[in-house]
Amino acid sequence: MTKKKIIIIIVVLVILIIAFLGFSKKPEVKYTTVKVEQGFVLQTVSATGTVEAATKLDLRFVNSGKIEQINVKVGDKVESKTVLAQLDTSQLNSQLARSKASLSAANANYNKLVTGAIAEDLQISRTAVDNAQITLNSANQNLADVQIGGQKDIDNSSSSLNSTQVSLDNANLSLENVKISNENNLNQDYDDAWDVVNSSLLTMFDALNTNKTTLDYEDAQDTLSVLNTQYLNYSSQSKIVAQNSYNDARDYLDSMRDNRSFENIDEALLKTKNALEDVRDTLGDTGNVLSSTITSSQLSQTELDSLKSSISSSRASINTTISNVTTATQNIATQKVANQTNLNNAQATVSSAESSLTVANNSLSAVKSSVDIKINAAQNTIKSAEGALKQAQDQLAFKMAGPSSSDMQLYRAQIQEAQASVNMIQSQINDSILYAPRDGVITVINGEIGEAVNSAMTFISLITDENFEIKANISEVDISKIKIDDVVEINFDALDPDEKFEGTVVSIDPAETVISGVIYYKLTTMFTGDGKIIKPGMTANLDIMTARKDNVVKIPFQALKNKDGQKYVQVLEGEVARDVIVEVGLRGDLDLEITSGLQVGQDVVTFMEEYKRKQP
């Protein structure tokens with residue numbers, strides 16, 4: 001063999017080895033991932049509708065029932081979100097409590113299934129089967145003896161109790177109004193009295209100055225009280241008494257200016273009146289002095305008459321002021337008597353209403369105790385007993401066999417069913433309240449407390465200040481997601497797509513509409529718009545914000561996978577993708593809420609691609 005042939009053989013072998021290695025190498029996987037984030041998940045329903053002019057809103061309850069509360073009357077102006085009326089929810093509240101108990105039981109059963117059964121637990125389950133059979137037999141025997149007029153009696157007693165409660169509420173409100181009125185009136189009388197005693201001090205001050213000026217008048221000194229000098233002695237003494245009384249009243253008022261209590265003002269009135277009377281006495285004595293004074297070469301008759309006139313005028317002012325103080329004191333006393341009378345009457349009304357409420361409560365309690373013992377016990381037992389036996393038997397079989405994938409799926413379905421029941425009843429309770437969708441004026445109320453209404457009748461009508469409404473058809477698949485007062489984002493085909501308006505869902509027609517074999521429900525959205533650019537008949541595009549959760553763990557839809565009825569994602573750890581089972585909460589338009597299984601910051605796989613690395 002020549003050297004050239006050997007070289008050719010070696011080259012061919014190398015090529016074959018390289019080709020073999022290239023084709024036998026396993027393909028590599030390239031992962032596309034996103035980070036698990038914390039943020040909001042938004043769920044919307046999109047629809048198309050037509051603009052109509054809005055002038056009147058006819059409001060209906062979503063459910064039928066008995067009216068428990070009406071908070072408005074025809075002619076009332078109401079604001080958006082105001083509670084207008086409410087249906088009786090006592091039965092729904094009882095159902096909600098039972099549904100919550102069922103949800104707790106479903107969660108507990110699921111936890112027990114996951115942890116597995118022990119010998120003692122198996123024996124308990126066997127005993128539960130026996131007990132369930134006994135309970136079912138007893139429930140069937142008991143059901144035939146109950147359900148005769150109980151609910152009607154409860155409704156009548158509840159209506160009577162509600163009426164009595166309204167009377168008590170009105171009586172309490174009247175009592176509070178009387179207390180406020182009493183306090184305001186008495187405060188006003190004391191404020192007036194305070195003004196009177198302060199003005200009285202000024203009057204006394206002026207009168208004492210007039211009295212002193214008169215007695216000290218220089219031209220009258222030679223003949224002052226010359227006809228009866230005893231009057232001058234009296235005047236000098238009473239002047240000191242009056243000045244002391246004035247000082248006492250003035251000092252007391254100064255000391256209490258920062259503490260104007262009723263007791264202090266009463267004392268101020270008394271001191272002021274005493275001082276006024278002393279000032280009046282000294283003015284009287286000074287008047288006697290002037291009556292005993294004669295004219296002289298220094299004191300003319302005109303001067304003497306002027307002095308007498310000043311004293312007389314001051315005495316008249318003092319008398320008027322004494323009358324004012326007396327009137328203020330009497331006003332306070334009269335007001336106190338009137339306040340007590342008004343308070344006694346209002347309290348008597350409250351006591352009477354409380355007594356009536358006690359009677360109504362006792363009557364309702366008596367009816368409920370009788371009805372609850374029979375109807376509730378029998379109905380609740382018969383509803384659960386038939387399923388309880390089967391459930392107990394199934395649970396025993398499950399525990400003996402151990403949990404399987406289908407078992408776990410079933411128990412999770414029971415939890416979801418129980419949660420759905422809770423959500424449904426809570427929604428019915430929420431739908432029993434009728435709100436004002438917009439500001440407006442009540443024009444019609446079709447019903448009274450205690451009457452039955454249905455979802456087809458208009459219960460309240462109001463005229464709204466809003467400009468427009470949009471009617472849209474929503475498919476039966478999406479209608480359950482929407483509720484009254486949901487926010488709606490609106491744009492119009494005729495306008496710039498970036499020009500958005502905001503509206504609110506104000507009504508959902510309970511009757512279905514069939515279009516081309518598909519069931520729809522008519523929805524009304526209210527919004528305010530510029531009448532110059534928004535016209536009736538325009539086509540509107542609606543994005544209804546049906547649900548939103550903030551600060552939740554979320555991933556995109558592409559990351560979620562299903563296998564054997566379980567939801568999972570692939571978490572990339574290094575170069576290896578690991579399957580992780582997750583629980584899903586709210587399903588948004590773009591993202592999913594993850595309630596368990598993931599943490600913020602983890603890398604989850606949204607797409608993977610297999611490829612073979614090229615040989616160098």
Side-chain angles (χ1 to χ4, degrees), residues 63-69 86-109 124-125 127-169 353-393 395 414 417-432 449-453:
N63 301 320
S64 300
K66 186 178 68 176
I67 302 171
E68 181 179 75
Q69 194 173 27
Q86 184 172 347
L87 298 179
D88 179 14
T89 59
S90 56
Q91 293 185 21
L92 290 174
N93 290 334
S94 177
Q95 294 174 18
L96 180 61
R98 290 195 298 270
S99 294
K100 287 183 176 180
S102 297
L103 177 59
S104 297
N107 278 308
N109 290 335
I124 292 174
S125 294
T127 304
V129 171
D130 296 336
N131 290 339
Q133 183 64 61
I134 294 173
T135 301
L136 178 59
N137 295 339
S138 177
N140 284 321
Q141 181 65 37
N142 188 49
L143 181 61
D145 301 326
V146 294
Q147 291 182 319
I148 303 176
Q151 191 59 51
K152 181 179 179 180
D153 293 339
I154 290 178
D155 291 342
N156 291 338
S157 295
S158 295
S159 177
S160 177
L161 177 62
N162 291 336
S163 176
T164 307
Q165 182 63 58
V166 170
S167 298
L168 177 57
D169 292 341
E354 288 175 340
S355 177
S356 298
L357 184 63
T358 300
V359 172
N361 267 315
N362 291 340
S363 175
L364 179 60
S365 297
V367 172
K368 281 186 175 181
S369 62
S370 174
V371 173
D372 288 347
I373 290 173
K374 297 177 181 179
I375 294 182
N376 289 341
Q379 287 183 340
N380 292 340
T381 302
I382 198 64
K383 287 178 181 179
S384 60
E386 292 178 346
L389 177 59
K390 183 65 169 61
Q391 183 180 4
Q393 292 169 340
Q395 286 178 345
Q414 290 175 349
E417 181 181 5
Q419 183 65 61
S421 177
V422 170
N423 295 342
M424 181 186 68
I425 297 172
Q426 185 62 61
S427 176
Q428 291 176 347
I429 292 174
N430 295 339
D431 290 340
S432 297
I449 292 175
E451 292 184 352
V453 295

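Quick caveat: nothing in here was measured; it's all calculated off a predicted structure.
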> In a check of side chain to side chain contact (heavy atoms under 4.5 Å, CB included) between V129 and each of K390, Q393, Q391, which one passes?
Replying inline: Q393
>> Please evaluate residues N430 and Q426 with respect to the criterion side chain to side chain donor-acceptor pair (under 3.5 Å), reporting the C-alpha separation (whole Å), side-chain torsions for both, the decisive distance (0.1 Å), and the verdict.
In response: CA-CA 6 Å; N430 295 339; Q426 185 62 61; 3.3 Å; yes
>> Treating S163 as the side-chain partner and S160 as the backbone partner, does any N or O pair qualify as donor plus acceptor under 3.5 Å?
In response: no
> CG of N131 to CD1 of I124: how many Å apart, nearest 0.5 Å?
Replying inline: 11.0 Å
>> With a 3.5 Å distance limit and no angle check, can you tell me whether S104 reaches the backbone of K100 through a side-chain donor-acceptor pair?
In response: yes
>> If I compare all heavy atoms of Q428 with all of L92, which pair ends up nearest, and what's the gap?
In response: OE1-CD2, 3.2 Å
> Does S427 use its side chain to pair, donor to acceptor, with the backbone of N423 at less than 3.5 Å?
Replying inline: no
> What pair of heavy atoms forms the shortest contact from E354 to L168, and how long is it?
Replying inline: CG-CD1, 3.5 Å
>> Let's go through N162 and Q165 carefully: what are the C-alpha distance in whole Å and the side-chain angles of both, what is the deciding distance for side chain to side chain contact (heavy atoms under 4.5 Å, CB included) to 0.1 Å, and is it a yes or a no?
In response: CA-CA 5 Å; N162 291 336; Q165 182 63 58; 5.6 Å; no
> Are any side-chain N or O atoms of S157 and backbone N or O atoms of D153, one a donor and one an acceptor, separated by less than 3.5 Å?
Replying inline: yes
>> Can you give me the closest heavy-atom contact between L103 and Q419, atom names plus distance?
In response: CD2-OE1, 3.1 Å
>> If I take atom CD1 from residue I449 and atom CD from residue Q69, how far apart are they, to the nearest 0.5 angstrom?
In response: 7.0 Å
> Would Q151 and I154 count as a side chain to side chain contact (heavy atoms under 4.5 Å, CB included) if you check the C-alpha gap in whole Å, the side-chain angles of each, and the deciding distance to 0.1 Å?
Replying inline: CA-CA 5 Å; Q151 191 59 51; I154 290 178; 4.1 Å; yes
> Can you list the residues that meet the side-chain hydrogen bond (donor to acceptor under 3.5 Å, both in side chains) rule with N156, with sequence neighbours excluded?
Replying inline: none
>> Could you report the tightest heavy-atom contact between S356 and T164, atom names first, then the distance?
In response: C-CG2, 3.4 Å
> Side chain of S159, backbone of D155: donor and acceptor closer than 3.5 Å?
Replying inline: no
> How would you list, by chain and number, every residue that makes a side-chain hydrogen bond (donor to acceptor under 3.5 Å, both in side chains) with D88, sequence neighbours excluded?
Replying inline: S90
>> Applying salt bridge (Lys or Arg N to Asp or Glu O under 4.0 Å), can you list everything that pairs with K152, at least two apart in sequence or on another chain?
In response: none
> Is there a donor-acceptor pair closer than 3.5 Å between any side-chain N or O of N142 and the backbone N or O of S138?
Replying inline: no
> Between S102 and R98, does a side chain to side chain donor-acceptor pair (under 3.5 Å) hold up when you go through it step by step?
Replying inline: CA-CA 6 Å; S102 297; R98 290 195 298 270; over 6 Å; no
>> I'd like to know whether L136 forms a side chain to side chain contact (heavy atoms under 4.5 Å, CB included) with N140, so could you lay out the CA-CA distance, the side-chain angles of the two residues, the decisive distance to 0.1 Å, and finally the verdict.
In response: CA-CA 6 Å; L136 178 59; N140 284 321; 3.7 Å; yes
> For T381 and A139, which heavy atoms make the closest approach, and how far apart are they?
Replying inline: CG2-CB, 3.4 Å
>> I need the minimum non-hydrogen distance between N63 and D431, along with the two atoms involved.
In response: ND2-CB, 3.7 Å
> Does a donor on one side chain and an acceptor on the other come within less than 3.5 Å for Q133 and N137?
Replying inline: yes
> For Q91, does the CD atom sit with more than 12 other heavy atoms under 6.0 Å from it, leaving out its own atoms?
Replying inline: no
> More than 12 foreign heavy atoms under 6.0 Å from NZ of K368: is that the case here?
Replying inline: no
> Between the main-chain N or O of V359 and the side-chain N or O of S363, is there a donor-acceptor pair closer than 3.5 Å?
Replying inline: no
>> Nearest 0.5 Å, please: how far is CD in Q414 from CG in N107?
In response: 11.0 Å
